[in-house]
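Here the structure is a predicted model, which means the values were calculated and not measured.
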Amino acid sequence: MTVESVFPRLEALLPHVQKPIQYVGGELNSTVKDWDACDVRWALMYPDAYEVGLPNQGTMILYEVLNEREGVLAERTYSVWPDLEALMREHGVPQFTVDAHRPVAAFDVFGLSFSTELGYTNMLTALDLAGIPLEAKDRTVDHPVVLAGGHAAFNPEPIADFIDAAVIGDGEQAVLDITEIVRAWKAEGRPGGRDELLLRLAKTGGVYIPRFYDVEYLPDGRIGRVVPNRPGVPWRVSKHTVMDLDEWPYPKQPLVPLAETVHERMSVEIFRGCTRGCRFCQAGMITRPVRERSITGIGEMVEKGLKATGFEEVGLLSLSSADHSEIADITKGLADRYAEDKVGLSLPSTRVDAFNIDLANELSRNGRRSGLTFAPEGGSERIRKVINKMVSEEDLINTVGAAYGNGWRQVKLYFMCGLPTETDEDVLQIGTMAKNVIAKGREVTGTNDIRCTVSIGGFVPKPHTPFQWAPQLSAEATDERLAKLRDSIRGDRKFGKNIGFRYHDGKPGIVEGLLSRGDRRIGAVIRAVYEDGGRFDGWREYFSYDRWMACAEKGLAGTGVDVDWYTTRERTYEEVLPWDHLDSGLDKDWLWEDWQDALEEVEVEDCRWTPCFDCGVCPQMDTTIQIGPTGKKLLPLTVVNS
């Protein structure tokens, strides 16, 4: 049955909202396929505004992977601003895709990618606007399967009531496997209804269906156990890992946004995973092992992507891009190849100990020389041992000294506040480090025109990391500690005026902490916040801490647990964690030993270059670390003027 576009009804509303262009679709490289020629249809959502959602690589990759498959279509949808939401409700316009403006409820699968837990209320807004029941138990065979993915899906329990399924890990092959199961079930006449489809997905062992698991609680509020309630459903659900990135050169045709977005560049993921072992970093832990894209594969993706988009900047993405074993050849090759075209290169994430001036010069050769950003994360040597961020202040000072000597004038340093075992003195050391950076810059350049900006975020313990057992610092203690640092910096007559100071208060971190380590009881809180008007919680102007706390008090009443129980409480080894039945590959005993090493300030080397530390990922997931060097060059691409 053909599904009609809602655009005629939507178009009349657009003159009355902010940034109407974000809703019209038609971006370069977007795809609209014949609805009737396809038998499996996906609506993909990044649950934030268009300007944040469109550049999301994960969504862009899945959009293209699915649309390349014959008989399958995928369209995108994003969160609508509150002004359009109000008009859509008033005029009965449902949540729509931007590609063909089809109603989301008409699709077979509604897939959402969560980079952060603060997008949960936006999911409920989209479900409600779409006319899809908020809770999975109320949906029928005619509603789409609501499926969560992304890093936050590694603990989907807080949204277990609202989703039908979750996939953890890499999505490229997973979405195709799910598509085939949906296709077969539909071709058979949808036997057994919605329940049968979900059961087929669950039996793969790689799709988590919350309704097929019961959670039992102990009298003190902790989880007793999580058990399957259907025959054939696995006790643990495993993450998906794509091993050969060269087999998945996506996006081949990156989307070019119509409106301003947070990133205006073409991006190529140069490797996936990280084994540096930073204990706070959930992304590094859950994306193991390291898998490098080949230098020739990167060159081909850049070449095709630039031709397809016309972008003037290429971002080389990964969790720590300078760690690619052939990064020097990659940056030099690309800078040579695109010298005439003035295509700029950027490494959005760079470690101090992997940075060098040759690399920086290649990155800035064809473009402007912008500021340098490094992330020591912790202010003191001691706290950096706790978090396993093996960067010494001497390394940092030498690196920025070389940068200042080569013409850079601004350095930005990123830190966290509230790390396990942290004291006031550890945080005050951030100011000392900034002063030392400026002093070095003045010494090297002979000028006082040197700036250093420190940017500080609150630390949130995350599932599947060694800090998953750690107590989170309260919002009040975080704010007090940061106030002491601010006063220390501003009170320094010699350096204070040259130090920029940016920080986030502790309140959003507490809500993020509640959602990231929460269990199914948090679902009532999320729903209450949504019904009270909660939207866009990742945006400062919309976030309301008071609303979250008031709704948590009501939602958790009678459960014996509260916000502090979920956030500032330390867990023990014996406690069953809400995500223990979701297998990231990391051995729980190894994580616990690493947590104990953190408390004893013992560092662990990068296992790329040392013997295995038995984290569990490679043998259990039948994967291996994949690194070069390959010895190949970016050729056969032709260097201009060579």
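Atom CD of Gln596 sits in a crowded spot, with more than 12 heavy atoms from other residues, nucleotides or ligands closer than 6.0 Å. Residue-environment remark: NZ (Lys385) stays at or below the threshold of 12 foreign heavy atoms within 6.0 Å. Glu570 CD: more than 12 foreign heavy atoms inside a 6.0 Å radius. Residue Glu393 places its CD atom among more than 12 non-hydrogen atoms of other residues, nucleotides or ligands, all under 6.0 Å distant. Summarising the local packing, NZ of Lys435 is surrounded by more than 12 heavy atoms from other residues, nucleotides or ligands at distances under 6.0 Å.
Residues Arg569 and Glu575 are paired through a salt bridge, judged by an N-O separation under 4.0 Å between the basic side chain and the carboxylate. Salt bridge Glu326/Arg293: absent, no basic N to carboxylate O contact under 4.0 Å. Between Glu601 and Arg382 there is a salt bridge, since a side-chain N of the basic residue sits under 4.0 Å from a carboxylate O of the acidic one. Using a cutoff of 4.0 Å between basic side-chain nitrogens and carboxylate oxygens, Glu512 and Lys462 are scored as salt-bridged. The existence of a salt bridge linking Lys497 and Asp492 is excluded, since no basic side-chain nitrogen approaches an acidic carboxylate oxygen closer than 4.0 Å. Salt bridge Lys332/Glu362: absent, no basic N to carboxylate O contact under 4.0 Å. The pair Asp170-Arg291 meets the salt-bridge criterion, since a charged nitrogen lies less than 4.0 angstrom from a carboxylate oxygen. Salt-bridge annotation for Glu172 and Arg272: present, with a side-chain N of the basic residue lying under 4.0 Å from a carboxylate O of the acidic one. The residues Glu303 and Arg337 are annotated as salt-bridged, a charged nitrogen and a carboxylate oxygen being separated by less than 4.0 angstrom.
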Show, in sequence, the C-alpha distance, side-chain angles and deciding distance for Lys588 and Asp583, and conclude whether the salt bridge (charged side-chain N to carboxylate O under 4.0 Å, His left out) test is met. CA-CA 10 Å; Lys588 192 172 180 181; Asp583 188 3; over 6 Å; no

Run Glu605 and Arg276 through salt bridge (charged side-chain N to carboxylate O under 4.0 Å, His left out) and show every step you take. CA-CA 7 Å; Glu605 298 280 347; Arg276 288 278 195 169; over 6 Å; no

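Residues Ala475 and Tyr545 come closest through the heavy atom pair CB-OH, 4.4 Å. Of all the heavy atoms in Pro461 and Ser516, the pair that sits closest is O-OG, 3.5 Å.
In this model, no donor atom of one side chain and acceptor atom of the other lie less than 3.5 Å apart for Gln468 and Trp595. In this structure, a donor-acceptor pair under 3.5 Å is present between the side chains of Ser346 and Glu313.
Using cut-offs of 30° and 60° for the angle between ring planes, the Phe154 and His151 rings count as perpendicular. Between His464 and Trp579, the ring planes are tilted. Angles from 30° to 60° get that label.
Among residues at least two apart or in separate chains, there is no ring-ring contact (aromatic ring centres under 6.0 Å, His included) pair with a member in residues 412-442. Note on residues 492-517: pairs passing ring-ring contact (aromatic ring centres under 6.0 Å, His included), not counting sequence neighbours, are Phe501-Tyr503. For the side chain to side chain donor-acceptor pair (under 3.5 Å) condition, the pairs that include at least one residue of residues 278-288, sequence neighbours left out, are Arg279-Asp594.
Centroid-to-centroid, the aromatic rings of Phe114 and Tyr46 stay 6.0 Å apart or farther.
For Asp537, the side chain to side chain donor-acceptor pair (under 3.5 Å) partners are Thr121, Trp548, not counting sequence neighbours. Residues forming a ring-ring contact (aromatic ring centres under 6.0 Å, His included) with Phe459 (at least two apart in sequence, or on another chain): Phe467. With sequence neighbours excluded, the residues satisfying salt bridge (charged side-chain N to carboxylate O under 4.0 Å, His left out) with Glu422 are Arg481.
Side-chain atoms of Thr241 never come within 3.5 Å of backbone atoms of Met243 as a donor-acceptor pair (strictly under, hydrogens ignored).
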